[in-house]
Amino acid sequence: MINIVSNKGFNENELITFSEKIGCELPNDYIEFLRHHNGGYVKNSISTYYKNGEQKFILTSMFGLGSDDDLINQFEAYKNRIPNTCIPIGRDAGGNLVCLNLSEFKYGYVYFWDHEEEFKYEEGKIAINDLYFIADSFKEFLNSIERDSIKEPGVEGYEVEKVWVDPDFLKELENNSDK
């Protein structure tokens with residue numbers, strides 16, 4: 001399950017305004033998430049998308065309404081870069097997006113948008129089939145999120161034997177330390 005520091009200040013009127021702006025009704029499971037968390041900063045959470053097999057990504061934020069990562073601002077920023085049937089709802093550590101599909105075909109499905117592949121497509125021409133599947137619903141997406149157990153390689157037992165510092169840089173450091 002997601003480990004999130006929720007945004008404050010959910011406002012039902014902002015939800016109505018956003019739904020009117022995008023011209024679609026949001027799935028109930030996503031609306032309940034917004035009401036409860038209103039997006040937020042995600043900690044130690046990984047999810048999976050499918051591209052030539054299973055691929056992991058580190059989820060870092062979920063967009064909310066009237067927050068730092070506001071859904072309306074994110075929608076405006078990406079509306080010609082992701083399929084027009086989707087809204088961006090979250091971001092990973094690499095700046096890629098988690099998208100929610102709102103078309104009748106696969107309504108409520110969650111997908112991964114890889115910004116590195118964006119330039120393969122003309123503006124506004126990317127389709128839902130060009131994204132990578134994550135889950136059949138927002139609730140399934142939330143349930144699939146795992147605690148990040150990836151550990152950095154340990155450095156225990158290692159000692160620095162020798163360090164080289166550029167002489168000019170060393171002089172600069174010494175001069176700045178006197179101030």
Side-chain angles (χ1 to χ4, degrees), residues 1-10 14 18 33-34 37-84 86-100 110-127 129-135 141-142 144-179:
M1 194 60 155
I2 195 167
N3 181 11
I4 189 166
V5 177
S6 301
N7 290 328
K8 305 284 186 243
F10 173 79
E14 289 176 340
F18 181 66
F33 172 82
L34 288 174
H37 295 286
N38 194 27
Y41 169 71
V42 180
K43 301 187 321 183
N44 305 322
S45 298
I46 59 173
S47 189
T48 304
Y49 68 95
Y50 298 90
K51 173 187 177 184
N52 302 323
E54 194 174 277
Q55 307 291 322
K56 300 281 185 190
F57 66 95
I58 300 170
L59 188 63
T60 58
S61 65
M62 295 297 294
F63 307 141
L65 294 162
S67 63
D68 290 339
D69 271 334
D70 184 72
L71 270 169
I72 293 173
N73 293 335
Q74 298 302 321
F75 173 74
E76 287 297 327
Y78 290 101
K79 68 182 177 184
N80 292 319
R81 298 169 65 189
I82 62 175
N84 62 7
C86 292
I87 59 168
I89 60 169
R91 181 177 293 113
D92 83 343
N96 303 303
L97 298 175
V98 174
C99 297
L100 183 64
V110 179
Y111 291 92
F112 183 84
W113 175 76
D114 184 345
H115 72 84
E116 299 291 335
E117 297 182 10
E118 170 179 16
F119 298 106
K120 291 182 184 178
Y121 309 98
E122 290 181 44
E123 186 174 302
K125 299 290 184 186
I126 190 168
N129 293 336
D130 299 318
L131 302 184
Y132 301 105
F133 175 79
I134 296 175
F141 165 62
L142 288 179
S144 73
I145 295 171
E146 304 168 17
R147 290 286 288 192
D148 182 3
S149 60
I150 300 170
K151 303 278 188 247
E152 293 294 323
V155 292
E156 300 85 33
Y158 291 96
E159 290 185 27
V160 177
E161 292 180 14
K162 187 177 180 180
V163 175
W164 178 86
V165 178
D166 181 282
D168 293 333
F169 181 66
L170 184 57
K171 285 179 189 174
E172 190 174 321
L173 281 175
E174 289 170 346
N175 288 338
N176 286 335
S177 68
D178 295 338
K179 294 180 183 178

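Nothing here was measured: the structure is a model prediction, and the numbers come from that model.
- Looking at residues two or more places apart in sequence or on another chain, you find a side-chain hydrogen bond (donor to acceptor under 3.5 Å, both in side chains) between E76 and K21, K79.
- The shortest distance between side-chain heavy atoms of I58 and D92 does not fall below 4.5 Å.
- Distance alone, capped at 3.5 Å, is enough to place a donor-acceptor pair between the N7 side chain and the N38 backbone.
- The OG1 atom of T60 sits 9.5 Å away from the CG atom of N96 when rounded to the nearest 0.5 Å.
- Atom CD1 of I82 is separated from atom CG of L131 by 7.5 Å, given to the nearest 0.5 angstrom.
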request  = Evaluate side chain to side chain contact (heavy atoms under 4.5 Å, CB included) for V42 paired with I145, printing each intermediate quantity in order.
outcome  = CA-CA 11 Å; V42 180; I145 295 171; 5.8 Å; no
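- Across all their heavy atoms, F63 and P88 have their closest contact at CD1-O, 3.3 Å.
- Taking CD1 of I87 as the reference point, atom CZ of F75 lies at 8.0 Å (rounded to 0.5 Å).
- With hydrogens and angles disregarded, no donor-acceptor distance shorter than 3.5 Å links the side chain of S144 to the backbone of L142.
- Interatomic distance, Y41 OH to L59 CG, rounded to the nearest 0.5 Å: 10.5 Å.
- Looking at residues two or more places apart in sequence or on another chain, you find a side-chain hydrogen bond (donor to acceptor under 3.5 Å, both in side chains) between S6 and H37.
- Partners of F112 according to the ring-ring contact (aromatic ring centres under 6.0 Å, His included) rule, which considers only residues two or more places apart in sequence or in another chain, are Y49, F57.
- In this structure, C99 and W113 approach most closely via the heavy-atom pair SG-CB, 4.0 Å.
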- Task: Check step by step if side chain to side chain contact (heavy atoms under 4.5 Å, CB included) holds for D114 and K51.
- Result: CA-CA 10 Å; D114 184 345; K51 173 187 177 184; 4.2 Å; yes
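- A distance of 8.5 Å separates CD1 of I89 from CG of L71, quoted to the nearest 0.5 Å.
- For the pair I134 and T48, the tightest heavy-atom approach, listed with the atom from each and the gap, is CG2-O, 3.4 Å.
- Note that NZ of K120 is 9.5 Å distant from CD1 of I126, once rounded to the nearest 0.5 Å.
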